Amino acid sequence: MNVSTMIDPTEAVVEPRPETIEGLDNWRTRPTKQQPPWPDQAAADAVSEHLLRVPPLVFAGEVDQLRNQLATVARGEAFVLQGGDCAETFAGATADQIRNRVKTILQMAVVLTYGASLPVVKMGRMAGQFAKPRSSDEETRDGVTLPAYRGDMVNGYEFTEESRTPNPERMLEGYHTAASTLNLIRAFTQGGFADLRMVHSWNRGFAENPANRRYEGLAREIDRAVKFMEAAGANFDELKRVDFFASHEGLLMEYERAMTRIDSRTGLPYDTSAHFLWIGERTRDLDGAHVDFFSRVQNPIGVKLGPSTTVDDMNRLIDILDPDRVPGRLTFITRMGAGTIRDALPPLLDAAQRSEATPIWITDPMHGNGITTQTGFKTRRFDDVVDEVKGFFEAHREVGSHPGGLHVELTGDDVTECMGGTQRIDELGLETRYESLCDPRLNHQQSLELSFLVAEELAVTAS
Ligand code: PEP
Ligand code: CO
């Protein structure tokens, strides 16, 4: 997010009337999965009308910058790190929590940059990750059945009828919370907090912890590289600012549609709710509303691919979402499961290699590795997460394609939601600090540990 781009007056946007954007409402004729049943449709329509007039959260020029950076990933010249909560909450949008998450992502990115010897494109699952797909529309507790929690943008987590009833006003609160989150992210990443030397000194703190001895060697190598840059006269003032992009699952169709604007430079539609939107595993039907809508906006688009994805599904997604084969336009985020990725991914990579498409491949080692403990906690084993990442690199080595990045659910706080890592969180330990309302996240330490392990894999690939 380059501040000079943000205020360029040529990036002004015109207020669109819905009917002026050709085809943009075609999704309304398609099956639309995972939408809340708003009890009062007129109230939902009024909120949409309001959102059509609010200022954009991100600018078309920034979105283009991200697409250009992603084009370098598609060419094998950069790596992506995308991370953040499974479900952001309004209450969790505090300065401390946002800072800790940005800090964790920046720390991981430095380690990955060194390991890959490549630039790392940084994206948060942040500033808009407020809507969730659910496997069941309802939840039953002690004989009481209520609508499932669908994210703070739709309803409340509290298990009462009032809180669980979808309330469209929450879309407006989501917009404002995304705006204040983005404001902080811009300040943190442009105002000196991202200084490479400072981020590296935080990483030294991590590696000096006796539990993390295994990573001391790599941390020392990075130390020498930073000192070398200093001695060689690198301009660290330029390394104080980083580009950091916002992303979330494009799920809640009324919200995404209402946040879409025509870019006055090109006359093309951009979804200004985030720089990057991805379509989830549950809503990526080829003839569904989500694929139709996101095929018509200019943002770079991701699609989650689970273990049952066929080569035909993949090719048809490419044809619909990236008909012009624009490098950086389309990212496949695979979430196969540690036990499946080595079999399920290579045929897809191979077929993509043989076409003239250039999708980016990112691994999400979280969503294929969920388990529930006997005590009822949704969790993941750190070792399974690492194993899926290793399988991802192996598959790319086998086919000769570029492992483009990592997508993780993480937080900067010391929660206990995933098992394992050098802190050896076990089943009993999960109770200590389990805060996620949705899927379990890697905590700060586990996230850094993962980045050191991935850096080792990247170093093998780079050599
Ligand atoms: C998610 O990213 O939180 C999610 C729901 O993922 P998926 O669509 O891969 O299940
Ligand atoms: Co999740």
Side-chain angles (χ1 to χ4, degrees), residues 32-36 80-89 92 101 105 123-137 148-154 157 174 246-253 256 274 276-286 288-291 294 301-309 313-314 317 321 331-338 340-341 344-345 348 360-372 377-381 384-385 388-389 392 405-411 415 417-418 434-443 446-447 450:
T32 314
K33 288 192 176 160
Q34 296 285 344
Q35 303 306 293
V80 175
L81 173 62
Q82 187 175 27
D85 287 330
C86 178
E88 285 180 290
T89 59
R101 237 173 306 146
I105 294 171
M123 281 196 266
R125 282 176 67 114
M126 291 180 78
Q129 178 56 17
F130 295 122
K132 297 306 299 172
R134 302 318 304 245
S135 42
S136 169
D137 286 343
Y149 171 64
R150 290 187 172 272
D152 271 13
M153 192 113 105
V154 174
Y157 185 72
S247 69
H248 62 256
E249 176 172 350
L251 181 72
L252 195 54
M253 289 307 301
E256 302 303 341
F276 178 98
L277 286 309
W278 75 86
I279 304 170
E281 166 76 354
R282 293 174 185 78
T283 50
R284 63 173 169 78
D285 310 44
L286 296 161
H290 293 79
V291 168
F294 288 108
I301 298 298
V303 187
K304 293 282 199 97
L305 298 182
S308 63
T309 314
D313 291 338
M314 179 192 78
L317 283 166
L321 290 165
T331 297
F332 286 131
I333 306 168
T334 63
R335 28 91 86 222
M336 305 283 182
T340 314
I341 186 163
L345 185 56
L348 299 178
I360 294 168
W361 296 93
I362 294 186
T363 177
D364 162 0
M366 316 298 292
H367 289 90
N369 295 312
I371 51 173
T372 304
F377 284 105
K378 267 173 96 178
T379 187
R380 292 153 174 158
R381 290 192 189 89
D384 292 342
V385 170
E388 176 148 2
V389 175
F392 173 76
L406 180 63
H407 177 118
V408 265
E409 288 184 339
L410 58 79
T411 171
V415 301
E417 297 172 4
C418 291
Y434 194 105
E435 294 178 0
S436 177
L437 301 190
C438 209
D439 292 334
R441 304 158 296 177
L442 298 178
N443 65 21
Q446 290 168 327
S447 303
L450 181 65

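These numbers come from the heavy atoms of this one structure, side chains and all, not from hydrogens, waters or symmetry mates. Count residues from 1 along the sequence. Computed from a predicted model, the values in this text were never measured in an experiment. Ligands are counted one by one from 1 in listed order, and the atoms in each one are counted from 1 as well.
Between the side chain of E249 and the backbone N or O of L277, no donor-acceptor pair lies under 3.5 Å. When atom types are taken as modelled, the side chain of E88 and the backbone of Q129 share a donor-acceptor pair closer than 3.5 angstrom.
Side-chain contact check for S247 and Q82: at least one donor-acceptor pair (N or O, by modelled atom type) lies under 3.5 Å. Q446 and R441 share no side-chain donor-acceptor pair at under 3.5 Å. A side-chain donor from one of E388 and N369 sits under 3.5 Å from a side-chain acceptor of the other. If you check the side chains of R284 and T309, you find a donor sitting under 3.5 Å from an acceptor. Between the side chains of H248 and E256, at least one donor N or O sits under 3.5 Å from an acceptor N or O.
Of all the N, O or S atoms in E409, the one closest to the Co ion (ligand 2) is OE2. D439 contributes atom OD2 as its closest N/O/S atom to the Co ion (ligand 2).
The aromatic rings of Y157 and Y149 sit perpendicular to each other, their planes meeting at more than 60°, with 30° as the lower class boundary.
Ring centroid separation for the pair H407 and W278 comes in under the 6.0 Å cut-off.
When each atom of ligand 1 is checked for a heavy atom of R125 under 4.0 Å away, the hits are 1 (C), 2 (O), 3 (O). Ligand 1 places these atoms under 4.0 Å from at least one heavy atom of R282: 5 (C), 10 (O). Proximity to C86 (heavy-atom distance under 4.0 Å) selects the following atoms of ligand 1: 3 (O). Taking every non-hydrogen atom of G280 and a distance limit under 4.0 Å, the qualifying atoms of ligand 1 come out as 8 (O).
Residue D364 places no N or O, backbone or side chain, under 3.5 Å from any N or O of ligand 1. Ligand 1 has no nitrogen or oxygen under 3.5 angstrom from a nitrogen or oxygen of H407.
Summary of contacts: the protein heavy atom closest to atom 3 (O) of ligand 1 is K132 NZ, 2.7 Å. Residue, atom and distance of the protein heavy atom nearest to atom 7 (P) of ligand 1 are K304 NZ, 3.5 Å. The protein atom (non-hydrogen) at minimum distance from atom 5 (C) of ligand 1 is P133 CG, 3.8 Å.
Taking 2.8 Å as the criterion, C438 does not count as a coordinating residue of the Co ion (ligand 2), since none of its N, O or S atoms falls below it.
Scanning R335, E409, E281, H367 for the heavy atom closest to atom 9 (O) of ligand 1 points to R335.
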